[in-house]
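Working notes for the structure below.
Both ligands and their constituent atoms are indexed starting at 1 by order of listing. Predicted, not measured: the structure shown is a model, and the values here were computed from it.
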Amino acid sequence: MKTLAKKFEQIFGTTHETTIFSPGRVNLIGEHTDYNGGHVFPCALSFGTYALVKPRQDQNYRFYSLNFEQEGVIAGTMTTIVNDPKDDWANYPKGVIDVFQKQFGTFAHGFDILFYGNIPNGAGLSSSASLELAMSVVLQEVFQLEVSMVEMVKMSQKAENEFIGVNCGIMDQFAIGMGKANHAILLDCNTLNYRYSPLDLNGYQIVIANTNKRRGLADSKYNERRGETTQALEILQQETSIHSLGELTNEQFDALAHLIADEVVRKRAKHAVYENQRTLAAVEALEKKDLAHFGQLMVASHVSLRDDYEVTGLELDTLVRVSLLQDGVIGSRMTGAGFGGCTVSIVAKDQIEQFKEKVAKAYHEIIGYAPTFYVADVADGTRVITNEATVYTA
Ligand code: GLA
């Protein structure tokens, strides 16, 4: 924190007043279900984004990110917030300001903000949603806004959908804003009802592994999948009164599946329905302390994402396959949007070192480069940490 404070002074020539921490997230199960009205089961991580803030007297803002030092200080005025490709990463916080100003009116002054994130960039652990929620809490704190965390979650998603133009669901922002230490969140994305479930892994730990594959086509493929499940829903709506695929049980879907003539579209819809039911079963297994069954459902989730939803690819499939061959592993699957990014595995604590070594070697032999591992704690959601002694590290 001292280094960050010093850096703030160097860049902006003044001292900061407030520090905000916003975590990254990992989803344990329930993938590509959020925008299909289903359930997800993510948790917030102990690594994330720091924002050091000092309000200004005028209406200008100045942003600086230690992760993108080559971009330098990105400055502008609160009265003209528009998406500008040359502002690069800063379009995320700008998008949040835009959404907030549309709701609360133009803010009376701007601020200087130094951002620093230790979420591996491009790993699919939601560095962008982490940044959005950090900015939301900056605004709430600086302007003492009467706005709940769930509202900030929705406004952050809106910034991503409308200002950035990425059509993501609600999962990432919700997990990051509403995270709770040592708990995962069972969220019904249809109603936004949620509950916390203790992550009592009893001698096991969550290990995240990054394929280190660049996620080139992720956004366009993501939108393509959204289109396919929307198409499936519209077909089923001709015969049923459902509002989302998440309302169907597996049996109900099987009875209706023949209505969807296109095999690909049918498979996509099947994943959305089955994955939602699988998520509910997985949470039940975890709460009954049946970790083995939870692990089996993680594997079934991966298989469905590979064969029916087709969002995995050689790197993710290889990483999951070699992970499952190791001692002490009870489950492994891709996490996040897919097409690269990370896997999440549940590994016996005393086997983690061996797991990393053996998986790295096997993956490297097949793919030609090594994966990266992160053993993270499950942490609280976005918050002001000015007076907190704890410094979180990856
Ligand atoms: C990305 C999106 C989320 C969700 C996942 C897939 O992370 O941002 O909304 O759809 O992919 O589960």
Side-chain angles (χ1 to χ4, degrees), residues 22-45 48 92 95 119-133 153-179 184-190 192 194 208 210-211 215-230 233 244-246 268-269 271-280 282 297-298 301-302 304-306 308-313 316 333-344:
S22 186
R25 71 94 186 90
V26 68
N27 188 23
L28 299 179
I29 193 161
E31 216 65 81
H32 288 278
T33 45
D34 60 352
Y35 56 84
N36 285 310
H39 291 77
V40 292
F41 193 53
C43 50
L45 298 171
Y92 290 91
I119 304 175
N121 195 24
L125 301 175
S126 288
S127 53
S128 54
S130 173
L131 182 54
E132 288 155 10
L133 262 303
V153 162
K154 289 191 205 164
M155 288 163 89
S156 297
Q157 184 202 13
K158 195 168 183 199
E160 177 117 12
N161 291 166
E162 292 174 12
F163 195 87
I164 302 293
V166 175
N167 217 359
C168 65
I170 190 84
M171 170 171 77
D172 302 345
Q173 287 80 7
F174 200 98
I176 286 167
M178 298 296 289
I185 311 172
L186 176 64
L187 171 67
D188 178 344
C189 300
N190 228 347
L192 292 195
Y194 66 95
I208 299 166
N210 190 346
T211 57
R215 298 193 316 149
L217 287 172
D219 287 353
S220 62
K221 289 278 176 200
Y222 185 88
N223 286 341
E224 189 181 293
R225 293 296 177 278
R226 281 197 78 137
E228 287 161 344
T229 49
T230 307
L233 176 64
S244 72
L245 294 174
R268 306 296 193 242
H271 167 80
V273 172
Y274 274 59
E275 178 76 353
N276 180 41
Q277 296 301 326
R278 196 161 28 237
T279 303
L280 294 170
L297 292 166
M298 286 176 79
S301 163
H302 185 84
S304 177
L305 288 155
R306 183 190 67 198
D308 286 341
Y309 221 63
E310 297 183 88
V311 292
T312 59
L316 283 166
R333 56 181 290 278
M334 60 152 271
T335 184
F339 311 105
C342 288
T343 64
V344 57

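An N or O contact shorter than 3.5 Å is missing between N27 and ligand 1 by distance. Considering both main-chain and side-chain atoms, H32 comes within under 3.5 Å of ligand 1 through a nitrogen or oxygen pair. Distances between N or O atoms of G169 and those of ligand 1 include at least one value under 3.5 Å.
In terms of modelled atom types and a separation under 3.5 Å, the side chain of Q173 and the main chain of K154 share no donor-acceptor contact. Formation of a donor-acceptor pair under 3.5 Å by the H302 side chain with backbone atoms of M334 is found in this model. Side-chain atoms of N27 come within 3.5 Å of backbone N or O of F41 as a donor-acceptor pair.
With T33 as the fixed residue, the side chain to side chain contact (heavy atoms under 4.5 Å, CB included) test singles out one of M171, Q277, E275, H39: E275. Checked against P23 for a side chain to side chain contact (heavy atoms under 4.5 Å, CB included), the options L125, I176, L133, I119 give a single hit: I176. Looking at L187, V40, N276 one by one, the single match for side chain to side chain contact (heavy atoms under 4.5 Å, CB included) with D34 turns out to be V40.
Set against the non-hydrogen atoms of Y35, the atoms of ligand 1 under 4.0 Å away are 10 (O). Heavy-atom proximity to R25, at under 4.0 Å, picks out these atoms of ligand 1: 7 (O). Interface atoms of ligand 1 facing G336, defined by a heavy-atom separation under 4.0 Å, are 6 (C), 11 (O). Atoms of ligand 1 lying under 4.0 Å from any heavy atom of M171, numbered from 1 in the order shown and given with element: 4 (C), 5 (C), 12 (O).
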So E310 and R225, salt bridge (Lys or Arg N to Asp or Glu O under 4.0 Å) or not? Walk me through it.
CA-CA 9 Å; E310 297 183 88; R225 293 296 177 278; 5.7 Å; no

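Evaluated by nearest non-hydrogen atom to atom 2 (C) of ligand 1, the leading choice among Y222, F174, F339 is Y222. Nearest-residue assignment for atom 8 (O) of ligand 1 (options L305, D172, N167; heavy-atom criterion): D172.
Using 4.0 Å as the threshold, M334 has no heavy atom nearer than that to any atom of ligand 1.
In this structure, the separation between NE2 on H271 and NE2 on H32 is 6.5 Å, given to the nearest 0.5 Å.
Looking at atom 9 (O) of ligand 1, its nearest protein heavy atom turns out to be D34 OD2, 2.5 Å.
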